[in-house]
Amino acid sequence: MMKLLITACLISFISFCSAQPVKKELPIQCSGKLPGDFTTLSSVKSEIQIQKEKSEYKSSSRVNNQKSQFISQSNYIIDELLLSGRVIFNDSISGFLSGIMDIILADEEELRKKIRIYALRSNSVNALTTNQGIIFVTTGLIAEVENEAQLAFILAHEITHYEKRHVINSFLENEKIFSSSGSYRYNTYDDRIEAASSYSKELEYQSDSMGIHRIAKTKYSLQESVNTMDILQFADLPFDEIKFDPSFLNGGDIIIPEIFFLDSVEPIDLDRLENENDSRSSHPNIKSRRERLKNYHQKLKSSTATEKYLKGKDHFDRVQLLARNESIRIMLNDRRYAETIYESLVLLKNDSANMYYKKAIGKALYGAAKYKTADDYSETADSYGRYEGEIQQCMYMLKQLTPEQINFLACRYLYDLSGSVNSKFYKDIRNDLFIDLINEYKFNYEYLKLKTQEHIEKTKVVEIHDSLLIKDSLVENITEEGSKYERLRKQKTEAVTKVEKTTIDPKHHEFHYGTFSDLIENPEFIGFMNEMSKLAEEEKSDKNEKEKIESKLTSYQKNQKEMMDRQKRIKKGVSLGIDSVIIVDPFYFELDRRRAIAMVDSEKKLVNFSVDIKDLAQKAELNTQIIAPKLFTESAVADYNNMSLFNFWVGERLDHENIDIIPLESEYAVVATDHLGTNKIIYSGVFSFREQKDNIGWAILASIVPYTAPFGIYYLAKPNVHTYYYTLLFDVETGVCQMNETIHFNMEDKRGMIRSCIYDLMLQIKREPKLKK
Amino acid sequence: MKKYFSGYILATFCFISGCVYSQHIPGYIGRINTAGYSLGVSLAGESSPTTGVGLVCQHQLTYERVFSRKSSFEANICYSPSKYNLRNYYFYNQDESLPEYYSDFSPDNFIRTYYASASASLKIFRNQFIAPVGRFIKFRIGMFRYGAFKWKEGIPGTFRIIQTSPPAAVSREGYLKTEKNFASGLLFSLGFGKVFPVSDKLLFEFGSNINFNYSSDYGFELFNRNTFSNNIDNYFFSNIFQNLKYRYLVDFQFALKYNF
């Protein structure tokens, strides 16, 4: 008996241990059940809302039609957003926002019940309200606000938009303005634009006014409502203004020379957007909004509340940190590498040991190096001249560094980072860069050693980076006290010191040869370099073989070969020999240019398409897991989280186009693929559009002439529809696109035809390739 | 003839089967065989006793087997009954015991004719489509036979035929003796069309064919050298067969097929 008990305990202990998932760092994850907003079809939601609208708000049949149109369209578009994977629910951020909402609407239970609030993964500093009662608050906004009270005012402002039906009213008013009916009949186009702007601005003032009055009923500070305008004014600035310190790149004995930095940075314009001409804008300019808010504040003197935090500063800080981490991730996803580095440095200032930001810098350096190697760096960064403040230095430095220099710096950074992070992803991107260093820049170990030793000889006395020592008045004047915006204002009048520079061309600077000076004799590094040389050799021989074959061909022969390959692919298809795939977020969009987006049809067809993919993959005996948002039930939160990871991954992958780079989102997406058992994902969809026929007159004429009648009648009867069916298959770990097929039918999107193509592609994916003799 | 037809169809089927590697072919959702009925319609002169021009139907049974992603073979047998209008002919009975003028040659003043064929087709589907659905072009080769049923049945004696139109001047005399006549030949056809799936197991096809029925005026001599034994038969059948040949020059097909 005792033995049995011990065995049972042991088994349960083992199963408990094995049940513990390996914890890997992931972006914010949703939890619990999927809310009804995500699981109800937009057509169903629209129907309910249209009925409700008709019963609660009586209007003429014309206005009712406009309302129905608006409700259908807005539901479809909002559903697209809800199911994009960018919306976060049941997590600490949206939980925090809900908590603030509870405080604001403590006395308005009915209204509170109608409003749902979700965080939205976006770096735009914004909050938006829908007619359906959903408020989205972007992580970019949460990352920028200074305290909970400011967030509360923004939510109070959005509540008014919902309560006063601003969204639908604005739509109806715009319909009236642009259809030139009523008092707008004789307006010019410019007048109409201004009328629409004026109406929209009035709604904003109303929301500000009612928002601040709602805040006055709470214990939140009213002054913070006024200060919210600072956030709008400086929304495009980094999280904070700190001196750009490039010492994080100082591996070996290098210091980046001053020629890679600007003499002075553009000072931040503190009056920006203040007096912006808002005559055609949907929002009033910041100055007038600030003035009005100040007036309301004066009038509401009875409210003496000064609380910046009701849910607690710690709680706010935690939530903001999560939002800022998300912002860093989105920046990387948007390939804004220089900004990622600067923002990470800002955040590292308060948490110097934070690995998340160090890893973000590593990823940004990897991305920048790969784009520099591909001679396409301008794709990832705007001109530094368009920025203000210290971030300019970071932008400028990355711009000035040559591909070879940045490769050296990134290699060293990732070599150090991968030593402290036990992750395959960081090893992969490190190896990728070292292989480039060997193959593209011809630095095998021996040559690297030679150059390093030469560098050591040349720089017996270590250069000191002057710009690190020179007192920059801007930096000096950045005080540690006060809010970001208060500190910015204090610096306004200070001058900027210019630094004398040497005139060496950065392109010919060889400072980077010191990058590995401390490692060059290290046996571990030597072993690593030998390993990389082997990998580089393998990659090179594969490449060379292809190049060798191609080099023997003339351009005509190359074209012929390409054409023959294409014909062969069309005739026989491909054989990928893949057993298991994940189909993510199927897409279906039908557009009838004669009417509008066929939203209801698109949704119905998307549901059918999702079902068909699932069904046909099974028929093709392809082991498939489908993550189809339109088929989500309330228990599909894991699917939603995975879809979000994959959507970010594929967004980045498609942005890279032909750049040979491991997508940075792979770090997270592989966690999902590991869990699902395959790293192959498929994105597939249908786009169908119907156009008006161009030659109707000729066709009518032809159809009454006996000999051409069949052609004329055929032209008139045949709808002018184009249907595209596409399938993309990726390997998430490497980023390689293994299948990129687009099929174009000059005919309607018949379900059977699409099913035929789906089955064929599934078979091609599954089919084992023939072994070459 | 039956031997030739059945041998031909068997050979075609064996050839198709030999070409098929079903494990590599998607077909329509894994189904590579289709069998069905096709209704063909073509415009035919002298097929209607009243108007002169009418529609002739072809009833076809088809079996199709996909043998690659873009192509399929189709075996097809066709039977098309029709009528040949006699309104342009006068028949004089030379038997003194019967009335002199006798044009009521058949109860409806027409001859029942038929057209039958057995053929094999190669269907090639356009780039974006996967056989057996989508737009295709079709090359067909086969054999046909056409003829007239026992048109002399019930009419005693011999006849003189005068063709009155066009032109009215033609006049031949002779004696109709043959009770059943037919001609055979080779069929070449070029077609195009579209196949839609109605459901996973049912396909709908429509299209058009241009058919070249090759035979001499008196039929395909290999098989029919001695079919027509006298002048009046030659003349009369020559006219009928010429007409039949052109009846099937262009046809329009509508087919419903079971996919398995």
Exercise. Would you list the pairs meeting ring pair (Phe, Tyr, Trp, His ring centres under 6.0 Å) in which at least one residue belongs to residues 748-770 of chain A, sequence neighbours left out?
Key: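 Applying ring pair (Phe, Tyr, Trp, His ring centres under 6.0 Å) to every pair that reaches into residues 748-770 of chain A, excluding sequence neighbours, yields nothing.
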Exercise. Give the C-alpha distance, both sets of side-chain angles, the deciding distance and a yes or no for ring pair (Phe, Tyr, Trp, His ring centres under 6.0 Å) between B:Phe252 and B:Phe206.
Key: CA-CA 7 Å; B:Phe252 298 93; B:Phe206 69 90; over 10 Å; no
Practice problem: Could you tell me which portion of B:Val195 (side chain, backbone, both or neither) has an atom closer than 4.5 angstrom to a non-hydrogen atom of chain A? | Solution: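 Only the backbone of B:Val195 comes within 4.5 Å of chain A.
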Quiz item: Is chain A contacted by the side chain of B:Arg135, its backbone, both, or neither, given a heavy-atom distance below 4.5 Å?
Solution: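 For B:Arg135, side-chain heavy atoms alone lie under 4.5 Å from chain A.
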Quiz prompt | B:Tyr248 and B:Ile210: CA distance, side-chain angles, deciding distance, side-chain contact (heavy atoms from CB on, under 4.5 Å) verdict | solution = CA-CA 8 Å; B:Tyr248 300 99; B:Ile210 301 167; over 6 Å; no
Quiz item: According to the interplanar angle, ranging from 0 to 90°, do the rings of A:Tyr726 and A:Phe587 count as parallel (below 30°), tilted (30 to 60°) or perpendicular (above 60°)?
Solution: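 Tilted.
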Self-check item: Geometric class of the A:His744/A:Tyr724 ring pair [parallel <30°, tilted 30-60°, perpendicular >60°]
Solution: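 Geometry flag for A:His744 against A:Tyr724: parallel rings.
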Exercise. Determine which residues belonging to residues 747-756 of chain A lie within contact range of chain B, meaning some heavy atom pair is under 4.5 Å apart, and list them by number or answer 'none'.
Key: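 Under the 4.5 Å heavy-atom cut-off, A:Met747, A:Lys750, A:Gly752, A:Met753, A:Arg755, A:Ser756 qualify.
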Exercise. Kindly write out the residues that satisfy side chain to side chain contact (heavy atoms under 4.5 Å, CB included) with A:Val574, not counting sequence neighbours, or none if the list is empty.
Key: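 Once residues adjacent in sequence are excluded, the partners of A:Val574 under the side chain to side chain contact (heavy atoms under 4.5 Å, CB included) criterion are A:Arg569, A:Leu576, A:Met739, A:Gln764.
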Quiz item: For B:Phe129, which residues count as a ring pair (Phe, Tyr, Trp, His ring centres under 6.0 Å) partner, sequence neighbours excluded?
Solution: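 In terms of ring pair (Phe, Tyr, Trp, His ring centres under 6.0 Å), with neighbours along the sequence ignored, B:Phe129 is linked to A:Phe745.
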